[in-house]
There are 2 protein chains.
Amino acid sequence: MAERTAPGGVQSVERVFDLLELITDAGGQMMLSELATASGLPGPTIHRLLRTLAAKGYVRQLANRRYALGPRLVRLGEGASQQMGAMARGELTRLVDQLGETANIAVIDSDMVLYVAQVASRHSMRMFTEAGRRAHMHDTGVGKAILAQLRDETVRAIVARAGMPTPTSRSIGNVDDLIAELHVIRERGYAVDDGEQEIGVRCFAMAVPNAPTPTAISVSGPVSRVDDSFAERAVPLLREAAESISRNVNLVSGG
Amino acid sequence: MAERTAPGGVQSVERVFDLLELITDAGGQMMLSELATASGLPGPTIHRLLRTLAAKGYVRQLANRRYALGPRLVRLGEGASQQMGAMARGELTRLVDQLGETANIAVIDSDMVLYVAQVASRHSMRMFTEAGRRAHMHDTGVGKAILAQLRDETVRAIVARAGMPTPTSRSIGNVDDLIAELHVIRERGYAVDDGEQEIGVRCFAMAVPNAPTPTAISVSGPVSRVDDSFAERAVPLLREAAESISRNVNLVSGG
DNA sequence: AGATAACTTCCATAATGTGGAATATCTGAA
DNA sequence: TTCAGATATTCCACATTATGGAAGTTATCT
């Protein structure tokens, strides 16, 4: 019809993943009628698609007829996580060894950042950002590092869709301030999150150059440990790590 | 063609998930030609399917043209994992109320156990197994409960791939001892981990029957509290919980 | 460099997926 | 309990959609 069709895209495959994303957005389970209104697809079509997924275990139908994400997705997700992690884990571990703070790798995922892997520091006081967690872009180090690689108008579109909540008094609350901050990040080569997501937590982040999906890595910890002298040591190590990961992601890496 | 067609199944959807599973089995990345021989599908068909996935971020194409699992799968997997947890949380909470010790649910995930959800006891001294954590199978209660449901040769293959580290002096260190232990577990109906992962921690575990992915639940705590009289109370409650979760997880077709 | 293997694009074909209409099932009200 | 309204599922005629052989590209090996 009037809808734009992606070239070479297989319709039913696109639809089935749209449905899975909708269910995920809704917290893991949905009624068929809800999916119909959310997706705009006719009931029988959705039913047939979900039936196919259910037969393979990617979706489960509950007793109340609702459809829920199925256990087989866990394995695929874990595999994808390991895949990204395999390319980055060595470098993240090295960062943790060298700096003693928690290291993360995150990618952009529909207007937010998705934490793909984490190597935790051995300190008892540390962040709990689990792999698979999503966060806003404007108030995280990795998010700002990624945004700094995009064009300003793209950034505006992203925050318009995702919103700009201000979890702390230091969070950036409007687009123009964010754009200004991104200019600083581009000059400087790395992003800083100084208590923008949580007071007392500071984070240094850097984009992974030429990644297929915009990607960034970070080290973060309490301000008491993550100070100016930490930054001096961290920035060159972050750069090394980002470049090394870039090489891994783009070239072959047996793991 | 003369092939059997699944009733109501959407071909391209089935194929696309078969491909994702193949890539996962192969460790996260594969060449198109490898997929062609493994799946029996013609090259152009695979290419079109993967291109659709790649456009949405469920697969990434590396510089050497190999296809790897993409970052968007991470989020779906995480959602599915939480979903499993949601179905079990009520039962786990009841176990904690009844027994006063921490309850876990875990699934098998590429030769290891993946802790999907945990309800912690109120005791200050307790286990710290976080949801999302993976552990070996041979030295955990949930792992052994799951292995006891599999055929011996499958068990041998799993431990051959995953290895059998012995974190404590009580850990099982060779396959034959493990197989013997699994026979005991099958007879008895539940698994015990008595300090095999950490000295002083005891755990009772039971498989969730007929789960789509092999699954088990457990209660664990310090030996001082988790003794014989605890076992007497725990085992019937574990069985009830496992059966209840089984009913939740499997689609209740009879109403 | 040339040869070989692997990947990608093209396009005629019909098999495949589609969705409106009909039917079955569930949920809540009286 | 029975009934009405909402929701899910099955059916099936139709053409849109996916298919895969053949041809064209691009990488890798010798």
Side-chain angles (χ1 to χ4, degrees), chain A residues 1-20 22-23 26 29-56 58-68 70 212 250-254, chain B residues 1-20 22-23 26 29-56 58-68 70 247-248 250-255:
Chain A
M1 306 299 272
E3 279 289 341
R4 280 184 55 192
T5 315
V10 177
Q11 188 186 63
S12 45
V13 172
E14 286 173 351
R15 288 176 167 184
V16 102
F17 279 97
D18 287 348
L19 292 175
L20 286 173
L22 283 172
I23 297 174
Q29 53 183 68
M30 254 178 140
M31 294 197 305
L32 193 137
S33 59
E34 293 173 327
L35 279 168
T37 49
S39 66
L41 296 174
T45 299
I46 295 170
H47 182 259
R48 181 163 14 83
L49 259 19
L50 290 180
R51 163 195 277 263
T52 308
L53 289 179
K56 298 206 150 233
Y58 299 106
V59 142
R60 250 22 261 181
Q61 185 165 30
L62 309 177
N64 45 334
R65 286 174 151 199
R66 294 173 75 88
Y67 288 92
N250 288 299
L251 296 171
V252 193
S253 180
Chain B
M1 306 294 274
E3 280 291 339
R4 280 182 54 191
T5 315
V10 176
Q11 187 185 65
S12 46
V13 172
E14 288 173 348
R15 287 176 167 185
V16 102
F17 278 98
D18 287 348
L19 292 176
L20 286 173
L22 283 172
I23 297 174
Q29 51 183 72
M30 255 178 138
M31 294 198 304
L32 193 143
S33 57
E34 292 173 327
L35 280 168
T37 49
S39 66
L41 295 174
T45 300
I46 295 172
H47 181 257
R48 180 160 17 79
L49 259 18
L50 289 179
R51 166 192 275 263
T52 308
L53 290 179
K56 297 207 150 231
Y58 299 105
V59 141
R60 295 180 308 123
Q61 185 165 29
L62 308 176
N64 48 335
R65 287 169 155 203
R66 294 174 74 88
Y67 289 92
R247 259 174 265 123
N248 276 341
N250 289 293
L251 64 92
V252 189
S253 47

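Naming convention: chains lettered A, B, ... in sequence-line order (proteins, then strands); numbering from 1 in each chain.
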Q. A:R15 near the nucleic acid: base, sugar-phosphate alone, or nothing, with a heavy-atom cut-off under 4.0 Å?
A. sugar-phosphate
Q | Side-chain donor/acceptor of A:R48 to base of C:dG17, under 3.5 Å | A | no
**Q.** Phosphate contact (D:dT10 OP1 or OP2) by A:R51 side-chain N/O below 4.0 Å
**A.** yes
Q: With rounding to the nearest 0.5 Å, note down the distance linking CG in A:D18 to CD1 in A:I23.
A: 11.0 Å
**Q.** Within-4.5 Å side-chain heavy-atom neighbours: B:L32 and B:R65
**A.** no
(Q) What is the distance, to the nearest angstrom, from the CZ atom on B:R66 to the C1' atom on D:dT26? (A) 17 Å
Q. To the nearest 0.5 Å, how far apart are CG in A:L49 and OG in A:S12?
A. 6.5 Å
Q) Once you round it to whole Å, what is the distance between P of D:dA8 and CG of A:L62? A) 12 Å
Q: Look at A:Y67 and D:dT7 and indicate whether a side-chain polar atom (N or O) is within less than 4.0 Å of OP1 or OP2.
A: no
Q.
I'd like to check the side chain to side chain contact (heavy atoms under 4.5 Å, CB included) partners of A:A55; sequence neighbours left out, ordered by chain and number.
A. none
Q | Distance below 4.0 Å between A:Q11 side-chain N/O and D:dT16 OP1 or OP2 | A | no
(Q) To the closest 0.5 Å, what do you measure between CG (B:L20) and NZ (A:K56)? (A) 10.5 Å
Q.
Please list, in numerical order, the residues of residues 32-45 of chain B that have a heavy atom closer than 4.0 Å to any atom of DNA chain D.
A. B:P42, B:P44, B:T45
Q) Can you check the B:L50 CG to C:dT9 P distance for me, whole Å? A) 13 Å
Q) When you match B:H47 and A:S12 each to their closest nucleotide on DNA chain C, which lands nearer the 5' end? A) B:H47
Q: Nearest whole angstrom, please: distance from the C1' of C:dT4 to the CE of B:M31.
A: 14 Å
Q. Do A:F17 and B:V16 have side chains that get closer than 4.5 Å, going by heavy atoms?
A. yes
Q: Taking the side chain as every heavy atom from C-beta outward, state whether A:E34 and A:M31 have any atom pair closer than 4.5 Å.
A: yes
Q.
Whole angstroms only, please: what is the CD1-P distance between B:I46 and D:dG21?
A. 12 Å
Q. Where the side chain of A:R65 is defined as all heavy atoms beyond and including C-beta, which of D:dT7, D:dA18, D:dA27 is the nearest nucleotide?
A. D:dT7
Q | D:dA8 phosphate, OP1 or OP2, under 4.0 Å from A:Q61 side-chain N/O | A | no
Q.
Just the rounded figure in Å: distance from P of D:dA8 to CG of A:L49.
A. 15 Å
